[in-house]
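For clarity, every value in this text was computed on a predicted model and none was experimentally measured. Labels below follow one simple rule: chain letters A, B, ... track the order of the sequence lines, proteins then strands, and each chain is numbered from 1.
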Amino acid sequence: MSSETSETEATYDVVAIQERWRPVWEDLDAFRAGTAAPGAEKRYALTMFPYPSGDLHMGHAEVFALHDVLARYWWLRGYDVLNPIGWDSFGLPAENAAIRNGSNPKDWTYANIETQAASIRRYGVSFDWSRRLHTSDPEYYRWTQWLFQKFYERGLAYRKASPVNWCPNDQTVLANEQVVGGMCERCGAVVTKRELTQWFFKVTDYAQRLLDDMEGLKDTWPERVLTMQRNWIGRSEGAHVEFAIEGRDEPVTVFTTRPDTLFGATFFVVAADAALAAELVTAEQRPQFEAYLEEVRRASDIERLASDRPKTGVFLGRHAVNPVNGERIGIWAADYVLADYGTGAIMAVPGGDERDFAFAQAHDLPVVHTVQPPADFDGGAYTGDGVTINSANDEIDLNGLDVETAKQRVLGYLESKGVGTGTINFRLRDWLLSRQRFWGAPIPIIHCPSCGEVPVPQDQLPVVLPDLEGDELKQQGGRSPLANATDWVNVPCPRCGGDAQRDTDTMDTFVDSSWYFLRYISPQDDTQAFDPEGVRAWMPANQYVGGVEHAILHLLYSRFFTKVLADMGMIDFQEPFTALLNQGQVINQGKAMSKSLGNGVDLGKMIDEFGVDAVRLTLVFAGPPEDDIDWADMSPGGSLRFLQRAWRLAGDVTSAPGADAADGDRDLRQATHRTVRQAEELLESHRFNVVVARTMELVNTTRKAIDSGVGGADPAVREAVEAVALLLSLVAPYTAEDMWERLGHEPTIGRATWPTVDESLLAQESVTAVVQVMGKVRARLEVSPDISEADLQEQALAAIAAHTEGRAVRRVIVRAPSLVNVVVG
RNA sequence: GCCCCCAUAGCCCAAUCGGCAGAGGCAGCCGACUUAAAAUCGGCCCAGUCCGGGUUCGAGCCCCGGUGGGGGCACCA
């Protein structure tokens, strides 16, 4: 039975609407950067590009929905918007999958990318697809390698042997940033230490600038991200102090933040696993030391991190000399001193440091206080401020000084003696970037027996990965699988032509993602990494949206890259991301979604059931963007019903497109214009959930107007419904597009124009003034918004005369035009 | 252990400058439509803002002290 569906009976068919508009949008390709009106201001909307782990999940759906609100809003406001998408497509899961099923990481990766790309297109995000990139494309990693060489030329990429973090599960080394609580950030395995020669980026050279430039981000980045970065960089001011060592020509330098306590240094500690410990130990003490070192090496980082464990250590049989009082103090090896922080050796002041005190107690060492503790102090180490005591020699007397002054005084003394100097120490370590894995950008260096490290000539980049698959990807003896590809490894030295070998490590995937936002600007350029003109026009990105899990790793590295490129003169800004928005997590029933809990919510199923728009709307409406969303508390069905109500409004509009709203219903017009103005303010402050609420309100108001006499022919109704469609287009683009068509417009609403607010419609004709007596509301008055304070007071007092009768009016607070509070005595 | 954020109706959340606690949604209840149900539409109920102090004419908002939840740091000398 076929029947014609009349406009009023038309049904809102989610699936049909999606199927209808997706191909139309693809043909229109409406969101290409550079297509705004000439002279339009440029805006760069950036979202953290996905790793192709499988299909999209709820987390992606949330970021993309939030991110797209701003990108689409910017288009409607007439900006020229750059909103690119790509894939962070190098990385371990591809390789592990390939080993499991005997295939090629490339096939797994690119198949997943296609799956995700199709899902993203269906999801209706306003990406500029012409800028799509994948970090695993040779055309991309060619420039990652090129950048590596630029860093190398500047001495910012170097190789050194050191104890490094090793993940026994992933069979590769890790950067410090990738070790969380002694465990591999990726897979959770307990990380061990290995002495290996590895490549590093000299991020420590930029520690101070990375810290200082956060000042300019403090209003536009989440405070907690800045705090985390500050903690990670870990700047501390102090001094280097030299201690003479008996039986050794060279003194040993220690770092301390408390040089004022030097007179209280009663022993000396060297990190047990530092080379210095093995050097200093006497023959007599060596057996004990070796045994202890063995014990320390066996302990995992997790055990070491437990702060309440006993302070262990062994005496090395040797003494140092305290430079201020000439005392011989014993040198110990212990594991509470870290080999790779400061100089790996400390002066121990048990009277002023809890850890040193604990060690002194455990090994029966003397304790001297150098700051007078308060009378009621009953602890061992006093770390607070106070008056310096026990700190004088023939040349200097710190006694009586406060801590800060004592620091300055002793530093001057140490400097004059040439045994100490003020210094700043950072917790941040250099970025270990090499990985013993296959699926990454090969490090473009050739090792020649006679020439040493030789960069691959730039005209020979990229160094393309060989085709390995299945078992060929397995490591042997902790070496990269690339070492197995002998044809690939053995090459002539570019310098001398002799037999040489390629470096077989690949780069940390965080190198790939440290500059992708620059590549988006000229992704097809095969002559340079990025186009400087384009970068000047678009960067820094106006808004970056992504998860807080990258608070340190990706964001710190990208900031570092940006500063290095600025130093090279390739870009003219210091920070890559002007503003940062961290969306919350999508959880379920109070817990993170996980396979083991079986509480995962399938995005595809949700979309099948409720449609793209309802899912997007639900995620945006759930709450403030940075809050977690508990899917169990959400009702996509409610979102769908709302979209349906909104959509139906379009069928009630009977005026022609372009109808002049000027003579339309004034109340409805006011509601429309106030809603638009509020939306503008709310969008600026990222309160997208409230924008949705305001849109719902306008839908309700419009519905009532239509049904209660204003009628569908009133041009104010058209104005209201068009505003609804435009507001909705930020969140529910399919529904909005369909409404737009029913309203008689051409696609696409995504490139339509944001309504112009008529300021005269924002003014209120009258407002309700509240009259309080002693803070309690006793009367309400309808008054003009520009009523004078005197008039309002007069009217108010008259209105509440009954309440003040017999009582003296002591004070009247007037806040025209909204409130009067009468204080009676 | 130290630092930061949060707490508003059964639930998710609003509330410009310190000025009427409620905008929106979910759930619930009643009604209309229906043979009935679903869907839809209309209406209604619901907290005095985690607890205890303080400042103020006036506090959800500011200050102090707790409780509960979330996050960060944690042998970095």
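By the rule that a glycosidic angle within 90° of 0 means syn, B:C17 counts as syn. Nucleotide B:G48 carries a syn base; the chi torsion (O4'-C1'-N9-C4 or O4'-C1'-N1-C2) is within 90° of 0.
B:A77 is unpaired under the Watson-Crick or G-U wobble criterion, no partner having all donor-acceptor distances under 3.5 Å. As the counterpart of B:G68, B:C6 is assigned, both hydrogen-bonding distances of the Watson-Crick or G-U wobble pattern falling under 3.5 Å. Remark: B:C41 base-pairs with B:G31. Criterion, Watson-Crick or G-U wobble with two distances under 3.5 Å.
Classification of A:Arg258 and A:Asp353 as a salt-bridged pair fails, no side-chain N sitting under 4.0 Å from a carboxylate O. Comment: A:Arg677 engages A:Glu759 in a salt bridge, judged by a side-chain N to carboxylate O separation of less than 4.0 angstrom.
Taking 4.0 angstrom as the limit, A:Asn700 places a side-chain polar atom (N or O) nearer than this to OP1 or OP2 of B:G25. A close approach under 4.0 Å does not occur between any side-chain nitrogen or oxygen of A:Thr227 and OP1 or OP2 of B:C3. Taking only side-chain nitrogens and oxygens, A:Asn689 comes nearer than 4.0 Å to OP1 or OP2 of B:A14. Between A:Arg645 and the phosphate of B:G42, there is no side-chain N or O to OP1/OP2 separation shorter than 4.0 Å. For the OP1/OP2 pair of B:A77 and a distance below 4.0 Å, the side-chain nitrogens and oxygens of A:Tyr336 include no atom meeting the criterion. Within the 4.0 Å cut-off from OP1 or OP2 of B:A23, not a single side-chain nitrogen or oxygen of A:Arg687 is found.
Counted within 6.0 Å of CD on A:Glu237, heavy atoms from surrounding residues, nucleotides or ligands total 12 or fewer; the atom is thus considered open. Other residues, nucleotides and ligands place no more than 12 heavy atoms under 6.0 Å from the CZ atom of A:Arg224.
Atom pair A:Ile706:CD1 and B:U40:P shows a separation of 18 Å (rounding to whole Å applied).
Remark: the A:Asp633 side chain and the B:C12 base include no donor-acceptor N/O pair separated by less than 3.5 Å. Below the 3.5 angstrom threshold, one finds no donor paired with an acceptor across the side chain of A:Arg224 and the base of B:G71. Contact of A:Arg694 with B:A23 (side chain to base): a donor-acceptor pair of N or O atoms is detected under 3.5 Å.
The C1' atoms of B:C2 and B:A21 are separated by 37 Å, rounded to the nearest whole Å. Here, B:U16 and B:C12 have their C1' atoms 23 Å apart, quoted to the whole Å. Going from the C1' atom of B:A32 to that of B:G69 covers 45 Å, rounded to whole Å. Going from the P atom of B:A9 to that of B:C51 covers 11 Å, rounded to whole Å. With C1' as the reference atom, B:G60 and B:C50 are 12 Å apart, rounded to whole Å. Here the separation of B:C44 from B:G52, taken at their C1' atoms, is 37 Å to the nearest Å. Nucleotides B:C61 and B:A7 place their C1' atoms 13 Å apart, quoted to the nearest Å. As rounded to the nearest Å, B:C45 and B:C26 have C1' atoms that lie 15 Å from one another.
Sequence order on RNA chain B of the closest nucleotides to A:Gly234 and A:Glu223 puts A:Glu223 first from the 5' end. Comparing A:Tyr341 and A:Ser818 along RNA chain B, the residue whose closest nucleotide (by nearest heavy atom) sits nearer the 5' end is A:Ser818.
With hydrogens and angles ignored, the 3.5 Å screen pairs no side-chain donor or acceptor of A:His363 with any backbone N or O of A:Val314.
For the pair A:Lys311 and A:Tyr336, the cation sits on the ring face: its NZ or CZ lies under 6.0 Å from the ring centre, inside 45° of the axis.
Relative to the side chain of A:Asp353, the nucleotides B:G24, B:A77, B:G19 differ in distance, and B:A77 lies closest. Nearest nucleotide to the side chain of A:Phe621, out of B:A77, B:G25, B:C73: B:G25.
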